[in-house]
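These notes concern the structure reproduced below.
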Amino acid sequence: MNLIPGPHISYRRYPDRTILVDHRTQTTYELNDTAGETFDRLERGEAPLAGEQEFVDELRDLGIFDTAPQPIPPVAPSEGTAPAATDEIFTALKRFGEKHCIPVAATFSVTYRCPLACRHCFFDKKPSTAEGELTLAEIEKVLDELRDAGTLYLTLTGGEPFLRHDILDIVAAGRKRRFAVSLLTSGYLCDEPTLDALAALWPESVQVSLYGPDSATHDRFTGVPGSFDRAMRTLRGLRDRGISVTAAVSINTLTAPTVRELAALLRAETIPLSCNITMLPSRGGATDPTALNISEEELAAIIADLGIPHGDRLAGKGPDDAPCAAARSVVAIDPYGTVLPCHELDLPAGSLREKPFTELWRALPFENLRRLRFGDLTDCPTCTYRAVCGRCAALALRTGGKITDHAALDCRAARAFSLSPKKTIDL
């Protein structure tokens with residue numbers, strides 16, 4: 001029997017643990033050092049050593065070596081939450097990454113181009129061509145560097161990633177290197193052959209933006225007729241192929257009137273939803289999208305009705321703790337090879353076309369950011385609402401504040417969670 005892990009498996013070895021992700025069952029495992037060494041040998045195609053057969057048999061029973069795994073039936077969102085052990089392993093890995101400055105998760109914007117004109121878009125002007133974007137060969141080199149740096153989770157986003165003619169090649173390159181690949185997309189460009197090819201690559205998850213329960217609402221928001229039908233085709237198509245999907249729902253003045261109807265639709269379709277409750281200023285500083293934010297009271301009611309989980313970035317933080325994971329356990333790369341602390345924080349370390357990732361990861365902008373501590377923040381350490389707050393340094397900067405400040409929009413969201421009758425605050 002072939003003992004090389006199947007195409008549905010991602011993994012990465014770290015100094016004191018090996019993390020294994022099975023995308024078919026959406027389960028994460030943590031292996032000890034000895035098991036990690038065995039798994040490494042199996043990945044290289046080597047036979048197990050004497051005394052390792054029991055462990056290999058356990059992996060076989062879990063379906064780790066399946067070469068053509070059959071998609072499992074989707075489960076209802078109420079039943080489909082990740083097992084507690086999976087959540088705990090992921091949380092522990094993030095903390096491990098923060099402590100040792102290992103970029104366990106990377107967000108890679110492969111293009112800023114997009115065929116839609118969404119009302120809340122934070123891009124002031126989308127590029128019309130692919131000029132200057134990293135080539136596939138350059139991206140493969142970047143993926144090698146990220147793998148060697150310890151990245152396991154790789155999110156491909158845009159713009160619209162499927163505007164790249166080679167996006168499936170990029171996904172394949174990531175899966176070949178055993179990244180747990182997720183994609184953020186509008187679903188607009190995913191026809192049936194594309195869905196077949198994508199599902200065969202076993203991404204960890206695909207998130208599709210959805211702005212209403214029907215074409216009238218969604219298409220008015222995106223400005224493109226037919227975009228709702230295409231988004232639903234992508235969600236249903238991947239779900240039916242056994243791939244984990246999520247609908248990304250933005251809650252604002254245009255979508256809030258029908259968001260409960262949208263949630264009901266998704267429940268009927270057994271598709272989980274992920275809610276974005278804050279419309280951000282554009283990356284160029286324009287505040288037009290923020291006018292779409294709903295009131296705290298209306299937001300609190302929607303939070304309660306939809307059961308939206310609160311942010312917890314500041315919960316349990318001590319004065320010497322890091323305020324967030326940017327440049328610690330997470331990193332971002334733009335379409336042109338610029339390395340950023342996270343997807344939103346515009347503090348570039350430099351270009352991967354000029355320097356290797358390991359050098360940029362230790363560049364001065366990132367090192368300065370790593371010196372920041374929770375106790376350095378203005379007001380946040382003593383704030384009543386910090387246990388339900390998802391404070392973002394990028395939002396503070398984008399709204400005219402300092403990196404130690406807090407944005408009024410983050411405070412609005414935290415207060416809304418505190419108003420929700422289903423939420424309790426525990427500092």
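Note that the coordinates shown come from a computational prediction; the quantities given were computed from them, not determined experimentally.
With respect to the salt-bridge test (charged N to carboxylate O, under 4.0 angstrom), the residues D410 and R391 do not qualify. Ion pair E98/K94 not flagged as a salt bridge, since none of the NZ, NE, NH1 or NH2 atoms sits closer than 4.0 Å to an Asp/Glu carboxylate oxygen. In summary, D169 and R164 do not engage in a salt bridge, as defined by a charged side-chain N under 4.0 Å from a carboxylate O.
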Inset, instruction - Show your working on side chain to side chain contact (heavy atoms under 4.5 Å, CB included) between E58 and D61 and close with a plain yes or no. - result: CA-CA 5 Å; E58 291 177 2; D61 291 343; 5.5 Å; no
Inset, instruction - Could you go through the side chain to side chain contact (heavy atoms under 4.5 Å, CB included) check for F65 and L42 one step at a time? - result: CA-CA 10 Å; F65 304 123; L42 297 176; 3.8 Å; yes
Legend entry - Derivation of the salt bridge (Lys or Arg N to Asp or Glu O under 4.0 Å) call for R373 and D321: CA-CA 6 Å; R373 295 291 180 263; D321 291 331; over 6 Å; no
Legend entry - CA sep, side-chain torsions, deciding dist, call: Y211, T217, side chain to side chain contact (heavy atoms under 4.5 Å, CB included): CA-CA 7 Å; Y211 303 111; T217 309; 5.9 Å; no
Inset, instruction - Evaluate the criterion salt bridge (Lys or Arg N to Asp or Glu O under 4.0 Å) for residue pair K176 and E140; output intermediate values, then yes/no. - result: CA-CA 10 Å; K176 179 182 178 182; E140 289 181 319; over 6 Å; no
Legend entry - Candidate pair H23 and I9, rule side chain to side chain contact (heavy atoms under 4.5 Å, CB included), full reasoning: CA-CA 6 Å; H23 304 307; I9 299 299; over 6 Å; no
Inset, instruction - Might you work through the salt bridge (Lys or Arg N to Asp or Glu O under 4.0 Å) test for R147 and D144, ending with a clear yes or no? - result: CA-CA 5 Å; R147 176 197 57 200; D144 285 337; 3.5 Å; yes
Inset, instruction - Give the intermediate values and the outcome of salt bridge (Lys or Arg N to Asp or Glu O under 4.0 Å) for residues E296 and R412. - result: CA-CA 6 Å; E296 290 177 23; R412 157 193 166 272; over 6 Å; no
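Between the side chains of H8 and D66, not a single donor N or O lies within less than 3.5 Å of an accepting N or O. Q26 and D22 form no side-chain donor-acceptor contact under 3.5 Å, judged by distance and modelled atom types alone. With hydrogens and angles left out, the side-chain atoms of T246 and Q207 include no donor and acceptor closer than 3.5 Å. Side-chain contact, S205 with S244: no donor N or O sits under 3.5 Å from an acceptor N or O. Judged purely by distance below 3.5 Å, without hydrogens or angles, the side chains of R175 and S10 pair a donor atom with an acceptor atom. Side chains of T185 and E160: a donor-acceptor N/O pair is present below 3.5 angstrom, by distance only.
Relative ring orientation between F221 and H120 is described as tilted, the plane-to-plane angle lying within the 30° to 60° band. Relative ring orientation between F90 and Y153 is described as perpendicular, the plane-to-plane angle rising above 60° on a 0-90° scale split at 30° and 60°.
W361 carries R370 over the face of its six-membered ring, with the cationic atom under 6.0 Å from the centre and within 45° of the normal.
A donor-acceptor pair is defined here as one N or O able to donate and one able to accept, closer than 3.5 Å; no such pair exists between the side chain of R386 and the backbone of T382. Looking only at distances, a side-chain donor or acceptor of N293 sits under 3.5 Å from a matching main-chain atom of M279. T18 places no side-chain N or O within donor-acceptor distance of the main-chain N or O of L31, the cut-off being under 3.5 Å. A donor-acceptor contact shorter than 3.5 Å is absent between the side chain of Y14 and the backbone of I19.
Partners of R12 according to the salt bridge (charged side-chain N to carboxylate O under 4.0 Å, His left out) rule, which considers only residues two or more places apart in sequence or in another chain, do not exist here. Considering only residues two or more places apart in sequence or on other chains, Y11 meets the ring-ring contact (aromatic ring centres under 6.0 Å, His included) condition with F39. Residues forming a salt bridge (charged side-chain N to carboxylate O under 4.0 Å, His left out) with R17 (at least two apart in sequence, or on another chain): none. With sequence neighbours left out, A363 forms a side-chain contact (heavy atoms from CB on, under 4.5 Å) with A349, P365.
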Can you give each donor-acceptor pair under 3.5 Å made by side-chain atoms of residues 333-345, sequence neighbours left out, with the distance rounded to 0.1 Å?
residue: D334; atom: OD1; partner: Y336; partner atom: N; Å: 2.9
residue: D334; atom: OD1; partner: G337; partner atom: N; Å: 3.0
residue: D334; atom: OD1; partner: T338; partner atom: N; Å: 2.9
residue: D334; atom: OD2; partner: T338; partner atom: OG1; Å: 3.3
residue: H343; atom: NE2; partner: R283; partner atom: NH2; Å: 3.4
residue: E344; atom: OE1; partner: R398; partner atom: NH2; Å: 2.5

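Between E367 and R362, the closest heavy-atom pair is OE2-CD, 3.2 Å. A pairwise comparison of heavy atoms in P203 and L183 identifies CB-CD1, 4.0 Å as the closest pair. Summarising the geometry of P281 relative to T399, their closest heavy-atom pair is CG-CG2, 3.7 Å, with the distance given to 0.1 Å. Looking at every heavy atom in both residues, T258 comes nearest to P213 through OG1-CD, 3.4 Å. Taking every heavy atom of both residues into account, S227 and H218 meet most closely at OG-CD2, 3.2 Å. Residues N252 and I294 come closest through the heavy atom pair C-CG2, 3.5 Å.
Atom CG of L273 is separated from atom CG of L262 by 7.0 Å, given to the nearest 0.5 angstrom.
With contacts defined as side-chain heavy-atom distances shorter than 4.5 Å, the pair T107/L156 does not qualify. You'll find the side chain of I243 stays beyond 4.5 Å of the side chain of L198, heavy atoms only.
Each side chain to side chain donor-acceptor pair (under 3.5 Å) pair with one or both residues in residues 346-359, not counting sequence neighbours, appears once here: E138-R353.
Two rings, from F123 and Y112, have their centers less than 6.0 Å apart.
Environment of CZ in R119: sparse, with no more than 12 heavy atoms of neighbouring residues, nucleotides or ligands closer than 6.0 Å.
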